[in-house]
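FYI, the numbering just counts along the sequence from 1.
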Amino acid sequence: MINGIKPTIQTTTKLRIKPTNFDDAMVVFCEKLEKDAMEYINGFNHIDSVQFRPDGGKKYIKVKSFQVNINTDYNDDGTTTKTLVGGDKGSIHCFVEKTTGDIYKPAGWKTPYLKGNNCVRGNIYDSSTFEKTDLHGGWLYAR
């Protein structure tokens, strides 16, 4: 205790990680998600690419995935026309707590899953926690 105030121990303190800038760590996290997703996407002909982007929030930042699909139209003359089709709304991949960098799986569109002792699935400051990510977020549920 310092002057009668008990400090709160954050996850980053427990792991003895020196936090970098939150924005830089979030960029590294999203790039890792995209890289691992591309390995999965390359096996399919109907998916072109996917992007992961942080999308606001006061305490918990949403990480959304935006997938671009290839739409193939077969014409009457025997030719095909391929166009790229992407969703503008995206889908929620995970949530990141702004103060600690802890990663949570989504409980819904607006909130992370916060129940139980093992609700934290990783930390954006510790890259070893999200080494084996995938496109659909299955790594968030494996325990």
Side-chain angles (χ1 to χ4, degrees), residues 1-75 79-143:
M1 279 217 265
I2 303 169
N3 295 333
I5 301 170
K6 183 177 180 183
T8 57
I9 304 297
Q10 303 293 335
T11 305
T12 54
T13 307
K14 291 177 188 173
L15 294 172
R16 292 186 173 88
I17 300 168
K18 182 181 178 194
T20 60
N21 183 0
F22 179 81
D23 294 331
D24 294 340
M26 184 63 87
V27 167
V28 169
F29 176 60
C30 289
E31 287 174 352
K32 175 67 173 152
L33 290 173
E34 287 178 15
K35 180 184 170 213
D36 288 350
M38 285 309 292
E39 294 174 7
Y40 176 79
I41 288 171
N42 289 336
F44 294 97
N45 295 330
H46 67 281
I47 304 173
D48 182 58
S49 64
V50 67
Q51 281 188 332
F52 291 90
R53 295 190 302 245
D55 188 42
K58 291 181 181 179
K59 185 174 180 182
Y60 299 102
I61 308 297
K62 294 177 187 176
V63 176
K64 294 172 86 175
S65 65
F66 297 90
Q67 184 171 319
V68 178
N69 294 331
I70 300 172
N71 189 13
T72 305
D73 293 326
Y74 297 97
N75 302 325
T79 61
T80 59
T81 307
K82 294 189 177 190
T83 55
L84 298 179
V85 180
D88 295 333
K89 286 178 67 176
S91 62
I92 301 295
H93 185 75
C94 65
F95 286 86
V96 177
E97 189 174 2
K98 195 171 191 177
T99 56
T100 62
D102 290 338
I103 302 169
Y104 298 90
K105 67 181 181 178
W109 182 259
K110 294 182 180 182
T111 58
Y113 182 79
L114 300 172
K115 297 178 182 174
N117 295 333
N118 61 351
C119 61
V120 175
R121 302 305 173 152
N123 193 293
I124 63 171
Y125 298 117
D126 183 14
S127 61
S128 66
T129 62
F130 53 89
E131 284 179 350
K132 296 181 180 181
T133 62
D134 60 16
L135 175 64
H136 305 293
W139 68 280
L140 297 166
Y141 295 88
R143 281 286 171 189

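- Looking at F52 and T133, their side chains never come closer than 4.5 Å, going by heavy atoms from C-beta outward.
- Between the CG atom of D24 and the OH atom of Y125 there is a distance of 9.5 Å, given to the nearest 0.5 Å.
- Counting heavy-atom neighbours within 6.0 Å of K32 NZ, excluding the residue itself, gives a total above 12.
- The heavy-atom pair separating W109 from G90 by the smallest distance is CH2-O, 3.7 Å.
- Counting heavy atoms from C-beta outward, I124 and V28 have side chains that stay 4.5 Å or more apart.
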- [ ] In sequence, state the C-alpha distance, the side-chain angles, and the governing distance for V63 and M26, and then conclude on side chain to side chain contact (heavy atoms under 4.5 Å, CB included).
- [x] CA-CA 9 Å; V63 176; M26 184 63 87; 4.1 Å; yes

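- For the atom pair NZ (K98) and CG (D23), the distance works out to 8.0 Å, reported to the nearest 0.5 Å.
- Across E34 and Q51, no two heavy atoms sit closer than the pair OE2-CA, 3.6 Å.
- Here the closest heavy-atom approach between residue F29 and residue V96 is recorded as CE2-CG2, 4.3 Å.
- A distance-only check finds no donor-acceptor pair linking the side chain of S65 to the backbone of H93 [under 3.5 Å].
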TODO: List the steps and the verdict of side chain to side chain contact (heavy atoms under 4.5 Å, CB included) for Y60 and L114.
DONE: CA-CA 11 Å; Y60 299 102; L114 300 172; 3.7 Å; yes

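- Here the straight-line distance linking atom CD of E97 with atom CD1 of I61 works out to 10.0 Å at 0.5 Å rounding.
- Heavy-atom minimum distance, F22 versus G101: CE1-CA, 4.5 Å.
- Minimum interatomic distance between S49 and I41 (heavy atoms only, all atoms of both residues): C-CD1, 4.0 Å.
- The closest side-chain heavy-atom distance from K115 to C119 is not below 4.5 Å.
- By the 4.5 Å heavy-atom criterion applied to side chains, F95 and K62 are counted as neighbours.
- Taking all atoms of both residues into account, the shortest heavy-atom contact from C30 to P54 is SG-CD, 3.9 Å.
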